[in-house]
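The structure under discussion is supplied below as structure tokens; questions concerning it will follow.
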Amino acid sequence: MARPISVPPGPRSLIPGRILARFGRDRLGFAEEMARRYGDVAYFRDLRARFAFLSHPDLVRDVLVTQARHFHKGIGLQRAKLLLGDGLLTSEGAHHLRQRRMMQPAFHRDRIAAYASVMSEYARRHIARWQPGDTIDVSAEMSALTLAVAGKTLFDADVAGDTKAIGDALAEAIASFELALLPWGEHLVKLPIPAARRFRHARATLDRVIYRLIADRRAEVAAGARDRGDLLTMLVRARDDVEATAGDAGGMTDLQLRDEALTILLAGHETTANALAWSIYFISQHPEVERRLHAEVDAVLSTDDGAPRPAAIGDLARLTYSRMVVSESMRLRPPAFILGRRALAPYAVPGTPYVIPAGATIFLSQHVLHRDARFWPDPERFDPDRWRPEVQADRPKFAYFPFGAGTRICIGEQFAWMELTLVLATIARRWRLRLVPGHPVVPQPVITLRAKYGVKMVVEERSGGNHKA
């Protein structure tokens with residue numbers, strides 16, 4: 001039997017740091033190059049660290065599902081602990097399992113359904129401020145809207161001051177997080193340099209607001225106040241039955257609550273805002289998609305006499321094309337564009353002669369897999385019809401994984417799908433948006449895949465759109 005090849009193909013350089021510098025300058029292009037030049041398995045070493053790119057649905061399933069226990073999160077999420085602490089996104093092992101078990105009821109289908117009216121009402125209220133002819137940055141508008149929804153559903157906080165403080169601090173933390181991703185970034189954020197100071201100030205602001213909300217909610221729960229229906233109340237009330245049986249109170253500490261609340265806030269607000277902004281952009285560039293979307297929302301979100309009405313959870317089953325549009329947008333511009341996993345032991349890549357050494361960081365790129373022509377004919381074309389059930393049936397499941405997969409799949413996936421569909425339908429029912437001529441729309445991979453210069457668009461009221469819904 002032939003002896004396995006221990007090192008997969010990949011780039012080489014005699015200059016330390018050169019390959020990582022290329023990766024850092026152009027993360028999307030570098031990931032594409034790895035798949036294009038070296039195939040489904042690519043590998044390189046730089047600055048004494050080892051990295052691999054896996055670019056096939058079967059390998060995504062193997063790493064995230066079949067052999068998930070043999071991997072931990074990659075360096076990017078380890079660095080995210082500098083902001084998020086030991087929350088659900090960054091924690092590992094027994095602690096992660098405990099936290100997920102305690103948080104799962106907060107994301108039960110019935111609980112999430114109660115938030116549909118918040119999403120619809122906040123969207124309706126937000127877009128009512130727009131005026132025909134206004135030029136808006138859709139990225140900023142969607143960020144403000146999803147932050148307001150997250151603040152209400154997570155904290156039951158409808159206070160403008162809190163929402164603005166949280167939003168400004170999150171924006172500052174994300175903007176300065178690039179520093180933490182550099183080699184030795186965990187030390188750089190402690191230095192007396194401007195970017196590090198901004199990061200620490202943003203983190204302190206978030207801590208101050210969130211710890212105050214936690215203290216308020218604990219006091220309410222202790223006093224026997226009614227359940228507000230927000231996620232924070234559920235987390236404060238959450239108990240680990242195993243620990244409680246053993247004599248422990250079984251609840252979360254303030255630090256654990258802080259980490260989980262901030263994780264949910266960042267993940268739910270930032271990714272959803274980006275997905276909505278990209279969806280609106282793609283709709284504006286494809287008239288036939290826009291026509292079909294408008295026909296659907298006009299038919300679904302209307303009273304018997306044809307007047308517009310607010311979107312509700314019962315409409316989701318009929319807003320099928322709206323969801324297809326969002327699905328296709330997240331194929332081409334996935335908010336989470338790459339996942340990293342660290343191999344705890346040597347990993348024999350199934351179906352290949354390659355073994356990836358223990359300690360290597362393995363990258364699985366949604367940006368790459370979602371564009372693979374083997375699974376997506378004419379992959380750069382925006383085509384929501386890819387999401388018709390009969391078309392989906394012929395595609396490997398893990399050719400599309402915008403929310404991850406396996407036991408670490410995003411706990412808020414159903415929350416996100418509901419918000420994305422209801423908000424997009426609410427906007428499309430009233431407004432048509434047109435890209436400002438000449439405005440560059442360029443993807444920028446930071447923590448999530450943003451539009452580097454925003455998405456500047458002109459607001460046009462649809463005919464018959466002067467309504468109260």
*What residues form a side-chain hydrogen bond (donor to acceptor under 3.5 Å, both in side chains) with Glu413, not counting sequence neighbours?*
Trp417
*Would you tell me whether Asp230 and Thr233 have side-chain atoms, one donor and one acceptor, within less than 3.5 Å of each other?*
yes
*Salt-bridge present (Glu33, Arg36; N to O < 4.0 Å)*: no
*asked:* Whether Glu380 and Arg371 form a salt bridge (side-chain N of Lys/Arg under 4.0 Å from carboxylate O of Asp/Glu) is what I want to check.
replied: yes
*For the rings on Tyr400 and His370, is their centre-to-centre separation under 6.0 Å?*
yes
*asked:* What verdict does the side-chain contact (heavy atoms from CB on, under 4.5 Å) test give for Phe282 and Val325, after you've listed the backbone C-alpha separation in whole Å, the side-chain angles of each residue and the deciding distance to 0.1 Å?
replied: CA-CA 9 Å; Phe282 282 122; Val325 168; over 6 Å; no
*State yes or no: are the ring centers of Phe53 and Tyr38 separated by less than 6.0 Å?*
no
*asked:* Is there a side-chain contact (heavy atoms from CB on, under 4.5 Å) between Phe199 and Leu82? Walk through the geometry before answering.
replied: CA-CA 10 Å; Phe199 179 79; Leu82 296 168; 4.0 Å; yes
*If you round to the nearest 0.5 Å, how far is CG of Asp62 from CD of Gln67?*
4.5 Å
*Approximate separation, where rounding is to 0.5 Å, of Arg98 CZ and Met252 CE*: 7.0 Å
_Arg37 bridged to Glu32 by N-O distance under 4.0 Å_ = no
_Please report the interatomic distance CG(Leu20) to CZ(Arg45), rounded to the nearest 0.5 Å._
12.0 Å
*Under 3.5 Å, is there a donor-acceptor pair between the Thr146 and Glu419 side chains?*
no
*Measure across Gln366 and Leu339 and return the closest heavy-atom pair with its distance rounded to 0.1 Å.*
NE2-CG, 3.6 Å
*State whether the side chain of Asp137 and the backbone N or O of Val455 hold a donor-acceptor pair below 3.5 Å, judged by distance alone.*
yes
*Value rounded to 0.5 Å, distance of CG in Leu369 from CZ in Arg331*: 12.0 Å
*Would Phe363 and Phe30 count as a close aromatic pair, with their ring centres under 6.0 Å?*
no
*Could you walk me through whether Arg408 and Arg341 pass the side-chain contact (heavy atoms from CB on, under 4.5 Å) test, one step at a time?*
CA-CA 11 Å; Arg408 302 296 300 248; Arg341 292 291 186 268; 3.9 Å; yes
_Checking the side chain of His286 only, and the main-chain atoms of Glu288 only, is there a donor and an acceptor separated by less than 3.5 Å?_
no
*asked:* Keeping Glu290 on the side-chain end and Ile283 on the backbone end, is there a donor-acceptor pair under 3.5 Å?
replied: no
_Whether the side chain of His126 engages the backbone of Tyr122 through a donor-acceptor N/O pair (distance < 3.5 Å, no angle test) should be reported._
no
_Test your reading of the model: is there a side-chain donor-acceptor pair from Glu328 to the backbone of Asp385, 3.5 Å cut-off?_
no
*Answer whether the closest heavy-atom distance between the side chains of Leu28 and Ile338 falls below 4.5 Å.*
no
*asked:* Would you say that Met119 contacts Thr426 through its side chain, given a criterion of any heavy-atom pair below 4.5 Å between the two side chains?
replied: no
_Close aromatic pair by centroid cut-off 6.0 Å: Phe382 and Trp278_ = no
*Just checking, any donor-acceptor pair under 3.5 angstrom between side chains of His96 and Arg100?*
no
*asked:* So which atom in Val65 and which in Phe398 form the shortest heavy-atom distance, rounded to 0.1 Å?
replied: CG2-CZ, 3.9 Å
_Within this structure, what is the CZ-CZ distance for the pair Phe23 and Phe44, rounded to the nearest 0.5 Å?_
6.5 Å
_Between Asp40 and Ser55, is there a side-chain donor-acceptor contact under 3.5 Å, judged purely by atom types and distance?_
no
*No-hydrogen, no-angle side-chain donor-acceptor test under 3.5 Å, Gln392 and Trp387*: no
*Heavy-atom donor-acceptor pair, Tyr347 side chain to Ile362 backbone, under 3.5 Å*: no
*Kindly say whether Ala116 contributes a backbone atom to a donor-acceptor pair with the side chain of Ser120 at under 3.5 angstrom?*
no
*State the CD1-CG distance between Ile166 and Leu265, to the nearest 0.5 angstrom.*
6.0 Å
*Any donor-acceptor pair under 3.5 Å linking the side chain of Arg395 with the backbone of Arg386?*
yes
*Hey, is Glu220 close enough to Arg226 for a salt bridge, meaning N to O under 4.0 Å?*
no
*Heavy-atom check, side chain of Val209 versus side chain of Phe155, under 4.5 Å*: no
*For Val138 against Ile280, the heavy-atom pair lying closest together*: CG1-CD1, 3.8 Å
*Side-chain (Asp26) to main-chain (Arg22) donor-acceptor, under 3.5 angstrom*: no
*Hey, is the main chain of Thr448 close enough, under 3.5 Å, to the side chain of Glu270 for a donor-acceptor pair?*
no
_Worked check of ring pair (Phe, Tyr, Trp, His ring centres under 6.0 Å) between Phe375 and His56_ = CA-CA 10 Å; Phe375 317 112; His56 192 281; 5.6 Å; yes
*State, to 0.1 Å, how close Arg50 and Pro357 come at their nearest heavy-atom pair, and which atoms those are.*
NH1-CB, 3.6 Å
*With Phe415 as reference, evaluate Leu420, Thr272, Ile112 under the side-chain contact (heavy atoms from CB on, under 4.5 Å) test and give the passing residue.*
Ile112
*asked:* One pair to check against side-chain contact (heavy atoms from CB on, under 4.5 Å): Gln444 and Val446. What are the steps and the verdict?
replied: CA-CA 6 Å; Gln444 180 186 33; Val446 190; 3.8 Å; yes
*Determine the sole option in Gln99, His95, Glu260, Arg258 for which the side-chain contact (heavy atoms from CB on, under 4.5 Å) test with Asp86 is passed.*
His95
*Verdict with reasoning, Asp156 to Lys152, per salt bridge (charged side-chain N to carboxylate O under 4.0 Å, His left out)*: CA-CA 4 Å; Asp156 191 27; Lys152 182 64 175 175; 2.8 Å; yes
